[in-house]
Amino acid sequence: MPSEQIVYVVDDDQGMRDSTLWLFESVGLKAVPFASGQDFLTACDPKANACVLLDIRMPGMGGLHVQEEMHRRGIHLPVIFVSGHADVPIVVRAFKAGAVDFIEKPYNEQLLLDSVQQALNHKPTITGNGTQQAIQEKLSALTPREQDIFLPLVKGYTNREIAEQLGISVKTVDLYRSRVMKRLEADHLPALVGIAIAAGMVDPLDLRASQQASHV
């Protein structure tokens with residue numbers, strides 16, 4: 001008999017924990033809540049058929065530090081990050097360290113359920129992007145100008161900075177940004193970054209560590 005599937009929900013926001021637990025239980029998934037990363041690390045079962053829904057920003061030990069500590073302790077459970085503050089360097093760091101997905105708050109419930117199910121089934125997942133072949137096909141379909149917008153965008157440059165680099169208006173950058181997201185079927189910035197990572201197009205050393213790209 002296969003072992004019971006578990007979702008560890010690690011979030012300091014009690015309201016978010018409660019609503020997330022209700023969502024998982026409504027579809028028959030067992031969810032185990034933790035208010036801090038330290039509590040999770042102390043109590044989790046590394047051998048469980050489980051995944052971890054992990055908030056990025058928490059008092060004390062933040063989500064990225066929890067992820068690092070999991071690696072140090074040999075806990076290899078799939079990690080899905082959730083955050084209301086998804087700037088490019090954080091997203092890239094999370095994926096490079098092995099996260100299977102990164103979902104922005106407030107999240108779409110079906111998007112979250114799909115991501116969790118893929119993680120529990122040990123399938124590679126970057127939300128909304130599909131297979132490696134599909135990713136390459138979508139990237140190949142971008143026009144040269146859309147490609148010009150895509151690369152600086154996932155590297156953390158603001159719309160204004162991209163406009164200055166390309167000698168076009170900010171309004172034009174906004175237009176092309178929307179077109180790129182539509183073509184790549186990306187609902188948010190983390191999905192775009194995930195595409196770039198999956199395609200091997202993003203070098204974390206080339207990112208602008210101080211850039212808060214989610215605020216452009």
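The analysis underlying the following values was restricted to heavy atoms, covering all of them including side chains, and did not include hydrogens, waters or symmetry mates. In what follows, residues are counted from 1 in the order of the sequence shown.
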Take the angle between the ring planes of Phe81 and Phe102 and call it parallel below 30°, perpendicular above 60°, tilted in between. tilted

I need the minimum non-hydrogen distance between [X] and [Y], along with the two atoms involved.
X	Y	result
Leu54	Gly63	CD2-O, 3.3 Å
Val66	Gly37	CG2-CA, 3.6 Å
Ala50	Tyr8	CB-CE1, 3.7 Å
Pro33	Ala31	CD-O, 3.9 Å
Arg72	Glu69	NH2-OE2, 2.6 Å

Is there a side-chain contact between [X] and [Y], using heavy atoms and a 4.5 Å cut-off?
X	Y	result
Thr143	Arg183	yes
Val170	Asp174	yes
Leu41	Met70	yes
Leu29	Val116	yes
Arg177	Leu153	yes
Leu77	Cys51	no
Lys30	Gln5	no
Ile195	Phe150	yes

Nearest-0.5 Å distance, [atom1] of residue [X] to [atom2] of residue [Y]:
X	Y	atom1	atom2	result
Glu68	Arg73	CD	CZ	13.0 Å
Ile6	Glu4	CD1	CD	5.5 Å
Gln118	Asn121	CD	CG	8.5 Å
Ile56	Leu64	CD1	CG	4.0 Å
Glu161	Leu166	CD	CG	12.0 Å
Leu113	Asn108	CG	CG	9.0 Å

Spell out, as yes or no, whether a donor-acceptor pair under 3.5 Å connects the side chain of Gln147 to the backbone of Leu142. yes

Short question: side chain of Thr42, backbone of Gln38 - any donor-acceptor pair under 3.5 Å? yes

Test log, rule side chain to side chain donor-acceptor pair (under 3.5 Å), inputs Ser36 and Asp39: CA-CA 5 Å; Ser36 73; Asp39 289 346; 3.2 Å; yes

Between Tyr107 and Thr20, a side-chain donor and acceptor under 3.5 Å: yes

Could you tell me whether the side chains of Asp114 and Gln110 share a donor-acceptor contact shorter than 3.5 Å? yes

Pairwise side-chain hydrogen bond (donor to acceptor under 3.5 Å, both in side chains) hits with a residue in residues 162-171, at least two apart: Ser169-Thr172

Quick check: is Leu192 connected to Leu151 through a chain of hydrophobic side chains (ILVMFWY, heavy atoms under 4.5 Å apart)? yes

Presence of salt bridge, Arg17 and Asp55, under 4.0 angstrom: no

Show your reasoning for whether side-chain contact (heavy atoms from CB on, under 4.5 Å) applies to Arg145 and Ile168. CA-CA 11 Å; Arg145 179 58 84 190; Ile168 57 180; 4.1 Å; yes

Is there a salt bridge (charged side-chain N to carboxylate O under 4.0 Å, His left out) between Lys105 and Asp13? Walk through the geometry before answering. CA-CA 12 Å; Lys105 295 179 181 179; Asp13 185 329; 5.7 Å; no

Please determine which of Val10, Leu112, Val79 meets the side-chain contact (heavy atoms from CB on, under 4.5 Å) test together with Leu53. Leu112

Applying ring pair (Phe, Tyr, Trp, His ring centres under 6.0 Å), which residue pairs with at least one partner in residues 45-77 are found, sequence neighbours left out? none

